[in-house]
Amino acid sequence: MIIANRFAADEECARFSEYLGWLELRGRRASTTRSYRSDWQDLTIWYRRNTGLTFEGSQLSSEVLAGWKRDSERKGRSPSTVLRRLAFARSYVVWLASQKILDEETAALIRQEAKLKRKERAPNVMDSADVHQLLSHVDRRGCFRDQAIVYVLLDSGMRISELVGLDVGDVDFSRGEL
């Protein structure tokens with residue numbers, strides 16, 4: 001099935017449909033292909049609005065990608081959405097280059113522009129009054145299991161997924177270690 005998009009050339013729509021099939025063959029999840037399809041459609045709309053031209057993969061460049069990224073950030077897209085869009089662009093460029101739609105030099109420049117750059121985020125920390133209120137509530141109303149969970153999380157800095165993955169054998173009672 002060919003994806004319809006009035007902002008992209010018919011040949012590009014057929015090409016993008018092939019790309020989605022390639023993603024499926026590589027085992028990508030349906031949610032990933034849906035997101036990448038949405039990203040592609042957003043890119044084609046942005047391209048048409050900024051150039052007046054119908055989008056074709058051969059017109060993709062590092063400047064186009066940088067402009068689309070800036071527009072996404074300016075519109076208040078979350079950092080994770082922008083990073084996913086960059087991941088889509090890198091993947092699509094690799095495929096376009098493998099199909100000889102883009103030359104290797106252009107593809108390398110686009111991949112460089114699309115490098116994922118995560119901003120370091122400081123963890124959210126509860127202030128001491130909130131911690132004391134939480135502990136007071138858990139001590140009064142929680143069972144021993146709930147109390148153990150809260151105290152381990154607060155005292156160890158362990159992630160919830162790490163705590164959930166613990167087994168009885170992971171506890172060394174003699175040394176007081178997890």
Side-chain angles (χ1 to χ4, degrees), residues 1-126 149 153 156-167:
M1 180 178 89
I2 294 180
I3 306 297
N5 182 334
R6 64 187 176 130
F7 300 101
D10 291 340
E11 184 178 305
E12 177 63 18
C13 292
R15 188 178 298 128
F16 187 75
S17 297
E18 288 178 38
Y19 166 72
L20 292 179
W22 178 76
L23 287 175
E24 287 179 24
L25 288 175
R26 294 189 69 210
R28 296 297 187 259
R29 294 180 181 188
S31 60
T32 299
T33 57
R34 274 193 310 274
S35 295
Y36 282 11
R37 180 178 176 177
S38 171
D39 295 337
W40 176 76
Q41 288 175 333
D42 188 76
L43 173 62
T44 63
I45 292 167
W46 177 87
Y47 186 82
R48 178 72 156 296
R49 287 184 179 151
N50 285 275
T51 67
L53 302 171
T54 304
F55 179 79
E56 292 186 37
S58 61
Q59 298 164 331
L60 198 54
S61 68
S62 59
E63 293 83 15
V64 167
L65 183 64
W68 181 48
K69 177 185 168 193
R70 278 191 307 274
D71 186 65
S72 295
E73 292 169 338
R74 185 183 54 77
K75 287 181 177 174
R77 302 283 188 247
S78 71
S80 60
T81 297
V82 174
L83 289 175
R84 189 202 63 236
R85 286 181 171 188
L86 294 176
F88 151 71
R90 283 195 349 269
S91 172
Y92 194 44
V93 164
V94 166
W95 186 82
L96 288 172
S98 75
Q99 301 297 306
K100 307 292 187 226
I101 307 300
L102 291 175
D103 62 77
E104 282 302 319
E105 183 180 335
T106 302
L109 289 171
I110 296 169
R111 285 193 307 269
Q112 181 66 30
E113 180 65 38
K115 277 195 172 175
L116 301 178
K117 299 169 190 156
R118 295 187 187 269
K119 294 180 181 175
E120 291 297 319
R121 294 186 302 174
N124 294 332
V125 179
M126 295 173 69
I149 288 171
L153 289 173
S156 70
M158 184 180 288
R159 294 185 174 115
I160 293 172
S161 61
E162 295 169 330
L163 179 70
V164 170
L166 283 178
D167 196 54

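A distance of 9.5 Å separates OG of S62 from CD of Q112, quoted to the nearest 0.5 Å. From L109, atom CG reaches atom OG of S61 across 9.0 Å, with rounding to the nearest 0.5 Å. Rounding to the nearest 0.5 angstrom, the gap separating the CD1 atom in I101 from the OG1 atom in T106 is 12.5 Å. The CD1 atom of I149 lies 11.5 Å from the CE atom of M158; values are rounded to the nearest 0.5 Å. Taken from CG in L43 to CG in L65, the straight-line distance is 8.0 Å, to the nearest 0.5 Å. A distance of 12.0 Å separates CZ of R37 from CG of D39, quoted to the nearest 0.5 Å.
Proximity of S31 to R34: side-chain heavy atoms (C-beta onward) are separated by under 4.5 Å at one or more points. W46 has its side chain out of reach of F7: every pair of non-hydrogen atoms, C-beta onward, lies at least 4.5 Å apart. Side-chain atoms of L153 and R159, non-hydrogen and from C-beta on, never get closer than 4.5 Å to each other.
Between E12 and R15, at least one side-chain N (NZ, or NE/NH1/NH2) sits under 4.0 Å from a carboxylate O, which counts as a salt bridge. Between D42 and R85 there is a salt bridge, since at least one side-chain N of the basic residue sits less than 4.0 Å from a carboxylate O of the acidic one.
Residues L96 and G57 share a closest heavy-atom pair of CD1-O, 3.9 Å. Shortest non-hydrogen contact noted between F55 and T44 is CD2-CG2, 3.6 Å. When every heavy atom of T54 is checked against every heavy atom of Y47, the shortest pair comes out as O-CE2, 4.0 Å. Residues A89 and A114 share a closest heavy-atom pair of CB-CB, 4.5 Å. Heavy atoms only, all atoms of each residue included: E56 and A9 are closest at CG-CB, 3.7 Å.
Checked against a 6.0 Å centroid threshold, the rings of F88 and Y36 count as neighbours.
Between the side chains of S78 and T81, at least one donor-acceptor pair of N or O atoms lies under 3.5 Å.
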Solution key, residues 18-30 side-chain donor-acceptor pairs under 3.5 Å, sequence neighbours excluded:
| from | atom 1 | to | atom 2 | distance (Å) |
| --- | --- | --- | --- | --- |
| Y19 | OH | S91 | OG | 2.8 |

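When the shell of 6.0 Å around CD of E11 is examined, it contains 12 or fewer heavy atoms from other residues, nucleotides or ligands. In this structure, D103 places its CG atom where more than 12 heavy-atom neighbours from other residues, nucleotides or ligands lie under 6.0 Å away.
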What do the steps show when you test N5 against W40 for side-chain contact (heavy atoms from CB on, under 4.5 Å), and what is the final call? CA-CA 10 Å; N5 182 334; W40 176 76; 3.4 Å; yes
Test log, rule side-chain contact (heavy atoms from CB on, under 4.5 Å), inputs L86 and K69: CA-CA 8 Å; L86 294 176; K69 177 185 168 193; 4.1 Å; yes
